[in-house]
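In what follows, chains are A, B, ... by sequence order, proteins preceding strands, each numbered from 1. Computed from a predicted model, the values in this text were never measured in an experiment.
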Amino acid sequence: MVNESKKTMKKGYAPEEVEAKWYAYWEQNKLFAASEQSGQKPFSIVIPPPNVTGVLHMGHSLNITLQDILCRYRRLRGDNVLWMPGTDHAGIATQNVVEKNLALQDTSRHQIGRRKFVEAVWDWRRKYGDAIINQLKSLGASCDWDRERFTMDEGLSRAVRKVFVELYEAGLIYRGNYIINWCPRCQTALAELEVEHEEENGHIYYVHYPLTEAGDGPIVATTRPETMLGDTAVAVHPEDDRFRHLHGRSVVLPLTEREIPVITDSYVDISFGTGALKITPAHDPNDFEIGKIHELPSVRVIGEDGCMTEAAGEKYRGLDRFECRRVVVQDLKDNGLLQKIEDYRHSVGHCYRCQTLVEPNLSKQWFVKTRPLAEQAVKAVENSETKIVPEKWRNDYFKWMEDIRDWCISRQIWWGHPIPAWTCADCGKLIVSFEDPKTCPACGSGQLEQDPDVLDTWFSSALWPFSTMGWPDQTRLLETFYPTSVLVTGFDILFFWVARMMMMGCHFMDEVPFRDVYVHALVRDENGKKMSKSSGNVIDPMVIIEKYGTDALRFTLSAFAAQGRDIKLSEKRIEGYRNFINKLWNAARLTLMHVTQAPGGIDLSTSGLADRWMLSRLKTVANRVAEAIDGYHFNIAANEIYQFVWHEFCDWYLEAAKPALYGKWGEGRQQAALKVSWRVLHDTLILLHPFIPFVTEEIWHLLPGTEGSIMKAVYPSDAAGFDQLPNDPAAEADMALLMEVINGIRNIRGEMNIPPASNLDALVQTDSARHQSLIKNNKALVSNLARLDSLSIEPAGEKPKATATAIVDDLVISVYLKGVIDFARETQRLEKEIAKLDKEIQALLKKLENDDFLSKAPADVIEKARSQYDEYVEKQEKLVNNLDKIKSISEYQ
RNA sequence: GGGCGGAUAGCUCAGGUGGGAGAGCGGCGGCCUUACAAGCCGUAGGUCACAGGUUCGAGCCCUGUUCCGCCUACCA
């Protein structure tokens, strides 16, 4: 049905009444659905899956808004768009949440056992897993929800298994005993990336290690005295003369009875500390390496719970690692072995999930051999199969890939993808297999035990671009939409996620996972601080949405999303853009007061200058907005259209068109104004829809001549007849001149303190025939916007007395001041203007008097400077002329 | 230790390839003008961090300095 005059609009836009309605409408009408097969150009994005435990924060809001802009924009441009949504199972985080719940019920995962625990997690996920998804929906996210995926889904789990087995068979996954980062609270290994380093105030302890025989032993410096219980050597540099006498000798490890050797290794830095380094292979990655080279034993003195082990000795066994440090230090003091303690600032690793101090610990884990995978992933970016935007992130990507270390992928938790590896209890054979094995292929035993560990969540996230599309099956979806068009993400997970997807995509699909990676900024608070619960500076998007509406939030984020710069957000800014939404609403309200049925095509024969100007501007803006989005310049697109809607359409066009709309200028002009305002509103809504989907959909349905959802509209640049829109530089120039004339008169009104209500008489003097007719033809327009009773046009000549003056180009504008003109005020006004011009003129003169400039600068630049100079001088002369007149008149008074 | 980014109006920020700086908010003055006071009209604010250099010409290019961020690193 084509809408006739629909209904009257409220005075102010009320988002809360509108948003839920349209979201439901879009979903019900399947407007977000991608077709697996279509003749349209495919465009695809996979969502960065939020944690199931997650709560929507501003980072998500920005991320989702930008993706939604791209998806809605591409749909409007006629593409077949797939936005693949889903969540990830967030192994450690989710397990933590469920464990906390169990603790509230006075039980624990160990008490209820693994099977029941995993069931409890699934229960939790069924109950609460949709929370973040619903929040994404309230942001307006136009994901294809029927395809929603979860990293623990059957299909994705199959992909994980297949990848694990194939990498293992290719020698790219191995298991081994290495130093890893252990979180004693989460009770699991962490990958290097999952450790956050922070500078902390600590101490450095100087400990005397006595020789077994007579003579002075070395002083060893350490920040972690409790680990000395696990020392298996002291190392010195082979060239260090201070310690030559120690080569080949042994020391007694204080607080224990153990003898440990003094070894030499050039790893030791002679200039640091005392030059003697204690070696603890089980609790320090470097010491581990040195231990391997020198075939030293490893003594694990700290256990998985962060408490000292049996090996730490009777006295220390069972002590918490921090408590143990205090005891060890005290004991060293008591034995006279502690030489001194110094303050020391050093960086310490913390678990990225729970902030607990991580403990480097020796442990048997699974690793991905990343180097070969990284090589392909680097190549793909080098030759631009994948483009990273903004480009500066390329270097970070390359650097990280070049320094990449093997990736520890096993986690000692229960919630996650089980590792498809079994050990034969009888012969010890390790079996890695896609299908669960029944018997040992080596000895035929049926006693097989599956590895109890699960895989790092990021291991499954790394497969997201293809696992969500059905891989390992060769689906139509994959065929249509892989590689995806663009990945939109924050730089904080460039390595965690993007780099790993690149590795897995290149390896398993022989094709990059995405053509573009758009890396956006972080959202910070108004002081530039990272928003965090602990600092209490979090702006909750849901609260903002409730208060200002989703569109306001989205438009704010877009308008501030300049490439490569963080967004500092404050409510004040959101309020400003809420006002913009309301402005748009009211522009529609005014338009729809007059446009009550769909006007036909645009007929320029009865149009006015403002009409032609507006259409010309519309065309330019539509192209610019599209161009900006294509280049991921969301802020430019948003600002371009903001400026256009508010300061051109509303401030100038609608104001100029009012008399025409009210029929004061006759049928023809009225028709033209109706058509143009309809057209501008119509096209503007489409341009704005990707940014502010709700209000645009609402107005769309109120706009006569539209049918169905705005999501089905054709983008202005693609619409039939777009090319016919006038690109009219003459109209733009003429309109610009008239605007200046109007501004000149308004300035007089403002500066001379003339009440807006009183209408004025004005005279324009010029010898230019073109300008004379321009003013004549647009007398009504100027009079209306400048609030004039009369406007007369004359050739240049004597300026009337008792008038205030404005100069525009060659036009001398005189405003008759009823009653007594305030000469002092007008003098002041003119002097100010003259002084301003003087500055410009001096600057130009300096240039034009410079021979170097005249001989070396390009001709067009010189020409521009000359004409500008002439213009300013002429204008100034006229102003001076008028100033003189004012002065002479005022003297007679 | 290495790397990257930033410093522009009171505040927050824009300023493709160098031709004399813009917006929003805030300030000030005036308006309830029949779409909007979440508004309208007018207006004032800047040696573009500092010091050099290249150039006829630098916010933009080069060098150095200062002050902030961020990333990264195994110096005990």
Side-chain angles (χ1 to χ4, degrees), chain A residues 9 11-13 179 197 204-205 220-224 227 235 267-269 271-280 284-289 344 346-347 360 392-393 395-396 399-400 403 491-492 494-495 522 524 526 528-530 548 552 559-560 562 564-570 572-573 575-594 631 633 635-636 639 642-643 646-647 650-651 654-655 658 662 743 746-757 785 787 832 840 843-844 846-847 850-858 860-862 864-865 868:
Chain A
M9 295 170 72
K11 196 170 169 185
Y13 174 61
I179 279 271
H197 293 273
I204 189 160
Y205 303 84
V220 163
T222 179
T223 55
R224 308 189 55 207
T227 63
Y267 166 80
V268 179
D269 182 348
S271 61
F272 192 87
T274 61
L277 173 64
K278 68 194 243 350
I279 303 296
T280 324
D284 183 284
N286 301 308
D287 295 5
F288 176 76
E289 291 302 322
Y344 189 64
H346 62 322
S347 82
K392 67 164 181 164
W393 294 108
N395 290 333
D396 293 70
K399 196 150 192 275
W400 189 76
D403 298 341
F491 60 78
D492 48 333
L494 193 60
F495 308 139
L522 246 48
R524 298 172 179 281
E526 56 193 311
K529 284 206 187 112
K530 211 168 171 171
Y548 300 100
F560 281 94
R565 191 150 194 157
D566 284 348
I567 297 177
K568 290 186 196 171
L569 195 68
S570 75
K572 200 85 195 158
R573 276 168 221 156
E575 196 184 318
Y577 286 103
R578 185 272 314 263
N579 295 354
F580 171 71
I581 310 274
N582 191 54
K583 188 74 181 175
L584 175 71
W585 176 260
N586 274 289
R589 189 159 169 249
L590 172 63
T591 304
L592 295 179
M593 286 171 83
H594 298 94
H633 295 284
N635 62 320
I636 292 176
N639 286 313
Y642 176 99
Q643 199 67 21
W646 199 317
H647 299 302
C650 291
D651 286 353
L654 286 178
E655 290 302 331
K658 266 181 191 171
Y662 279 101
N743 281 338
R746 282 175 174 175
N747 172 275
I748 289 169
R749 189 189 286 277
E751 298 279 284
M752 301 297 284
N753 262 354
I754 300 161
L785 294 178
R787 294 188 146 250
K832 193 172 82 183
E840 303 286 337
L844 287 165
K846 206 173 131 195
K847 261 183 170 180
N850 184 342
D851 289 338
D852 284 329
F853 174 72
L854 295 175
S855 62
K856 290 179 182 168
D860 60 319
V861 173
I862 298 172
K864 200 175 147 196
Q868 206 159 40

Calculate the interatomic distance between [X] atom [atom1] and [N] atom [atom2]; express it in whole Å.
{"X": "A/I179", "N": "B/A76", "atom1": "CD1", "atom2": "C1'", "value": "14 Å"}
{"X": "A/W400", "N": "B/C4", "atom1": "CH2", "atom2": "P", "value": "20 Å"}
{"X": "A/R573", "N": "B/G26", "atom1": "CZ", "atom2": "C1'", "value": "11 Å"}
{"X": "A/H197", "N": "B/G1", "atom1": "NE2", "atom2": "P", "value": "18 Å"}
{"X": "A/L522", "N": "B/G5", "atom1": "CG", "atom2": "P", "value": "17 Å"}
{"X": "A/H633", "N": "B/C13", "atom1": "NE2", "atom2": "P", "value": "19 Å"}
{"X": "A/H346", "N": "B/U72", "atom1": "NE2", "atom2": "P", "value": "19 Å"}
{"X": "A/K846", "N": "B/G20", "atom1": "NZ", "atom2": "P", "value": "14 Å"}

Practice problem: Find which nucleotide of RNA chain B each of A/N753 and A/N586 is nearest to by heavy atoms, and output the residue with the more 5' nucleotide. | Solution: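 By nearest-heavy-atom nucleotide position, the 5'-most residue is A/N753.
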Quiz item: Which comes earlier along RNA chain B counting from the 5' end, the contact point of A/R787 or that of A/N635, where each point is its nearest nucleotide?
Solution: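 Here A/N635 is the residue nearer the 5' end.
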Partner set under side-chain hydrogen bond (donor to acceptor under 3.5 Å, both in side chains) for [X], not counting sequence neighbours:
{"X": "A/T591", "answer": "none"}
{"X": "A/Y267", "answer": "A/N286"}
{"X": "A/K832", "answer": "A/E751"}
{"X": "A/D651", "answer": "A/H647"}

Please report the distance separating the [atom1] of [N] from the corresponding atom of [M], rounded so that it comes out in whole Å.
{"N": "B/C48", "M": "B/A14", "atom1": "C1'", "result": "13 Å"}
{"N": "B/U47", "M": "B/G59", "atom1": "C1'", "result": "12 Å"}
{"N": "B/G5", "M": "B/C75", "atom1": "P", "result": "24 Å"}

Base, sugar-phosphate, or nothing: which does [X] touch, judged by heavy atoms less than 4.0 Å apart?
{"X": "A/Y344", "value": "sugar-phosphate"}
{"X": "A/A843", "value": "nothing"}
{"X": "A/K864", "value": "sugar-phosphate"}
{"X": "A/Y267", "value": "base"}

Self-check item: Partners meeting side chain to side chain contact (heavy atoms under 4.5 Å, CB included) with A/I636 (sequence neighbours left out)
Solution: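 Scan of A/I636 (side chain to side chain contact (heavy atoms under 4.5 Å, CB included), adjacent residues dropped) gives A/A628, A/H633.
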Look for any protein N or O under 3.5 Å of an N or O in nucleotides 55-57 of chain B and output each such pair with its distance, or none.
unit_1 : atom_1 : unit_2 : atom_2 : d
B/C56  : OP1    : A/K856 : NZ     : 2.6
B/C56  : O2'    : A/N850 : ND2    : 2.9

Practice problem: Would you please name every residue forming a salt bridge (charged side-chain N to carboxylate O under 4.0 Å, His left out) with A/R749, sequence neighbours left out? | Solution: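 So A/R749 forms no salt bridge (charged side-chain N to carboxylate O under 4.0 Å, His left out) with any residue.
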Practice problem: Only counting residues at least two apart or in another chain, list the ones meeting salt bridge (charged side-chain N to carboxylate O under 4.0 Å, His left out) with A/K658. | Solution: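 With sequence neighbours excluded, A/K658 shows a salt bridge (charged side-chain N to carboxylate O under 4.0 Å, His left out) to A/E655, given in chain and number order.
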Quiz item: Does OP1 or OP2 of B/A14 have a side-chain N or O of A/Y642 closer than 4.0 Å?
Solution: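 Checking B/A14 against A/Y642, no side-chain N or O comes under 4.0 Å of OP1 or OP2.
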Quiz item: Does OP1 or OP2 of B/A37 have a side-chain N or O of A/K11 closer than 4.0 Å?
Solution: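 So the side chain of A/K11 is within the cut-off, an N or O lying under 4.0 Å from OP1 or OP2 of B/A37.
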Quiz prompt | Over all atoms of both residues, closest heavy-atom pair of A/N582 and A/G12 | solution =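 It is OD1-CA, 3.5 Å.
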Quiz prompt | A/F491: partners by ring-ring contact (aromatic ring centres under 6.0 Å, His included), with sequence neighbours left out | solution =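 Per chain and number, A/F491 pairs via ring-ring contact (aromatic ring centres under 6.0 Å, His included) with A/W393.
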Quiz prompt | Test ring-ring contact (aromatic ring centres under 6.0 Å, His included) applied to A/H346 - qualifying residues, sequence neighbours left out | solution =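 Result, ring-ring contact (aromatic ring centres under 6.0 Å, His included) vs A/H346: A/Y344.
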Self-check item: Per-nucleotide protein contact string for nucleotides 38-45 of chain B, where B marks a base within reach and S marks sugar-phosphate only (heavy atoms under 4.0 Å, - for neither)
Solution: BSSSSSS-
Self-check item: Rounded distance (nearest 0.5 Å) linking atom OH of A/Y13 with atom CG of A/N579
Solution: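 The CG atom of A/N579 is 14.0 Å from OH of A/Y13, to the nearest 0.5 Å.
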Quiz item: What dot-bracket string describes RNA chain B from 5' to 3', counting Watson-Crick and G-U wobble pairs whose defining distances are under 3.5 Å, with [ ] for crossing pairs and | for pairs to another strand?
Solution: (((((((..((((.....[..)))).(((((.......))))).....(((((..]....))))))))))))....
